[in-house]
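Worth knowing before you read on, the calculation uses all heavy atoms, side chains too, and leaves out hydrogens, waters and symmetry mates. On a predicted model such as this, the values are computed, not experimentally measured, just so you know. Naming: A, B, ... by sequence-line order, numbering from 1 per chain.
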There are 2 protein chains.
Amino acid sequence: MNIDRRSGCPINLSLEVFGDRWSLIILRDMIFGGRRHFREILNGSLEGIASNILADRLKRLMELGLLTKADDPSHKQKAIYSLTEMAITLVPIMAHLGAWGRVWLPVSEELSIRAELLEKGGQPLWEQFMDELRHEHLGAPSRTPAGTPGVRAQLRAAYEAVVARNAEAARER
Amino acid sequence: MNIDRRSGCPINLSLEVFGDRWSLIILRDMIFGGRRHFREILNGSLEGIASNILADRLKRLMELGLLTKADDPSHKQKAIYSLTEMAITLVPIMAHLGAWGRVWLPVSEELSIRAELLEKGGQPLWEQFMDELRHEHLGAPSRTPAGTPGVRAQLRAAYEAVVARNAEAARER
DNA sequence: GTATTCCGATTGCATTTTGCAATCAGTTGC
DNA sequence: GCAACTGATTGCAAAATGCAATCGGAATAC
């Protein structure tokens with residue numbers, strides 16, 4: 001469960017945090033999908049994580065300092081998982097990973113539209129998004145002016161626009 | 001051995017390429033350490049990869065299109081592994097991963113100096129480095145002016161300077 | 001008030017992946 | 001000829017993964 005520290009190399013240590021098939025998927029769903037509860041992550045991810053693996057990874061990510069857990073006041077047995085600053089600063093890495101995947105791997109159009117938007121937006125958009133995440137997960141005051149559409153809302157809107165357009169195209173055929 | 005394609009999400013697909021404990025380590029040693037032969041990678045990495053895992057991953061990375069293999073003309077049973085463009089474009093991701101690790105994980109000073117240099121250099125340095133890699137691995141003409149010190153040479157020099165400084169400090173104690 | 005659903009897990013078990021040491025046959029240097 | 005080196009392969013134990021079933025407590029529907 002704990003980190004190995006096979007060496008003190010930064011890339012190696014990062015890899016010991018993410019070098020498995022599920023940890024980054026969970027963080028992706030929390031960051032971009034806004035999921036905070038066990039069941040949301042379990043049922044929401046396209047890749048279909050098993051509940052025992054999810055439980056194990058949530059525990060591990062908490063031990064590593066990427067997540068925290070708190071009781072949901074509205075529901076006695078519900079737990080809310082929050083991203084820490086450590087996890088929020090992964091946004092640029094996620095953006096790069098998505099951009100690389102979009103170029104070299106057989107991504108689906110619907111799912112890559114968000115990566116594209118994130119890539120186009122660049123550092124300023126990532127900063128705005130991280131600010132938004134700090135607001136949601138850490139209770140930090142938002143520095144974005146009121147009325148500005150949230151980054152996650154933009155990502156979702158773009159996704160839904162593609163889905164709608166494709167449905168339209170399918171109907172015409 | 002082959003890729004799963006659990007979903008067409010760019011981040012997921014990228015993760016199916018790197019979501020293990022060794023693939024990125026091997027690429028790191030080839031990119032930053034300049035290693036091209038089986039034995040060089042096997043004995044050179046600090047983390048101590050096993051030979052069967054290395055053989056397996058080299059095969060896998062070739063199947064995925066990140067590496068190619070060629071005979072070494074100087075030695076009949078030696079194989080030379082080369083990075084493809086697909087692998088070379090991982091440099092920015094490596095730089096980000098290293099930068100993130102440097103902030104959040106217990107990196108050692110000697111090993112993080114290279115990540116620091118790469119971070120400070122930013123996109124221009126990454127471009128120069130990728131150009132250098134294309135020259136070494138793809139036979140592309142180098143666009144950097146003659147006499148310019150190579151990025152890998154800079155990284156090595158910085159590393160050796162830290163090692164020497166620390167040895168000096170240890171002697172004085 | 002009671003049946004049903006939902007909550008975050010846990011358990012058991014078969015399959016797959018990993019880590020490790022030993023080994024291989026061909027090649028090279030001497 | 002022979003030791004060292006080349007890129008692997010094999011056998012085996014241990015760990016991780018995937019999957020289905022299940023748990024006790026809590027909320028919800030009626």
(message) Closest approach to the side chain of A:Asn52, judged atom by atom: which nucleotide of D:dT6, C:dC7, C:dT11 is it?
(response)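 Closest nucleotide among those given: C:dT11.
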
(message) By nearest atom, which of the nucleotides D:dT9, D:dG7, D:dT17 is closest to the B:His37 side chain?
(response)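 That would be D:dG7.
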
(request) Using atom types as modelled and distance alone, determine if a side-chain donor or acceptor of A:Arg134 lies under 3.5 Å from a backbone N or O of A:Phe129. (result)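 No, A:Arg134 side chain to A:Phe129 backbone: no donor-acceptor pair under 3.5 Å.
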
(request) Would you sort out whether A:Phe18 and B:Phe18 count as a side-chain contact (heavy atoms from CB on, under 4.5 Å), showing the intermediate values? (result) CA-CA 9 Å; A:Phe18 310 119; B:Phe18 310 119; over 6 Å; no

Whole-Å distance separating the [atom1] atom of [X] from the [atom2] atom of [N]:
X: A:Ile25; N: D:dT17; atom1: CD1; atom2: P; value: 13 Å
X: A:Phe38; N: D:dC23; atom1: CZ; atom2: C1'; value: 13 Å
X: A:Arg21; N: D:dT17; atom1: CZ; atom2: P; value: 10 Å
X: A:Asp72; N: D:dA26; atom1: CG; atom2: C1'; value: 13 Å
X: A:Arg39; N: C:dT10; atom1: CZ; atom2: C1'; value: 12 Å
X: A:Ile53; N: C:dT11; atom1: CD1; atom2: P; value: 15 Å
X: B:Asp71; N: C:dG26; atom1: CG; atom2: C1'; value: 14 Å
X: B:His75; N: C:dA25; atom1: NE2; atom2: C1'; value: 14 Å

(message) Does C:dT18 have its OP1 or OP2 closer than 4.0 Å to a side-chain nitrogen or oxygen of B:Arg57?
(response)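 Answer yes for this pair, as a side-chain N or O of B:Arg57 is under 4.0 Å from OP1 or OP2.
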
(request) Using a cut-off of strictly less than 4.0 Å, decide whether B:Trp22 has a side-chain nitrogen or oxygen near OP1 or OP2 of C:dG19. (result)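 Answer yes for this pair, as a side-chain N or O of B:Trp22 is under 4.0 Å from OP1 or OP2.
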
(request) Please say whether the positively charged group of B:Arg28, taken as NZ for Lys or CZ for Arg, lies over the ring of B:Trp22, i.e. under 6.0 angstrom from the six-membered ring centre and within 45 degrees of the axis. (result)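 No.
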
(request) Starting from the 5' end of DNA chain C, give me the residue, B:Lys76 or B:Ala50, whose nearest nucleotide shows up first. (result)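 On the 5' side of the pair lies B:Ala50.
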
(request) Tell me which of A:Arg6 and A:Glu40 sits closer to the 5' end of DNA chain C, going by the nucleotide each one is nearest to. (result)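 Residue closer to the 5' terminus by nearest nucleotide: A:Glu40.
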
(message) For A:His37, is the NE2 atom crowded, meaning more than 12 foreign heavy atoms sit under 6.0 Å from it?
(response)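 Yes.
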
(request) With DNA chain D as reference, determine whether A:Ser74 or A:Ser51 sits nearer its 5' end, using the nearest nucleotide of each. (result)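 In this pair, the answer is A:Ser51.
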
(message) Looking at B:Glu160 and B:Arg165, is there a salt bridge between them, counting it only when a charged N and a carboxylate O are closer than 4.0 Å?
(response)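 Result for this pair is no, no salt bridge flagged.
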
(message) Tell me if the side-chain of B:Gln77 makes a donor-acceptor pair with the base of D:dG7, cut-off 3.5 Å, by modelled atom types.
(response)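 Not at all, since no donor on one side and acceptor on the other fall under 3.5 Å apart.
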
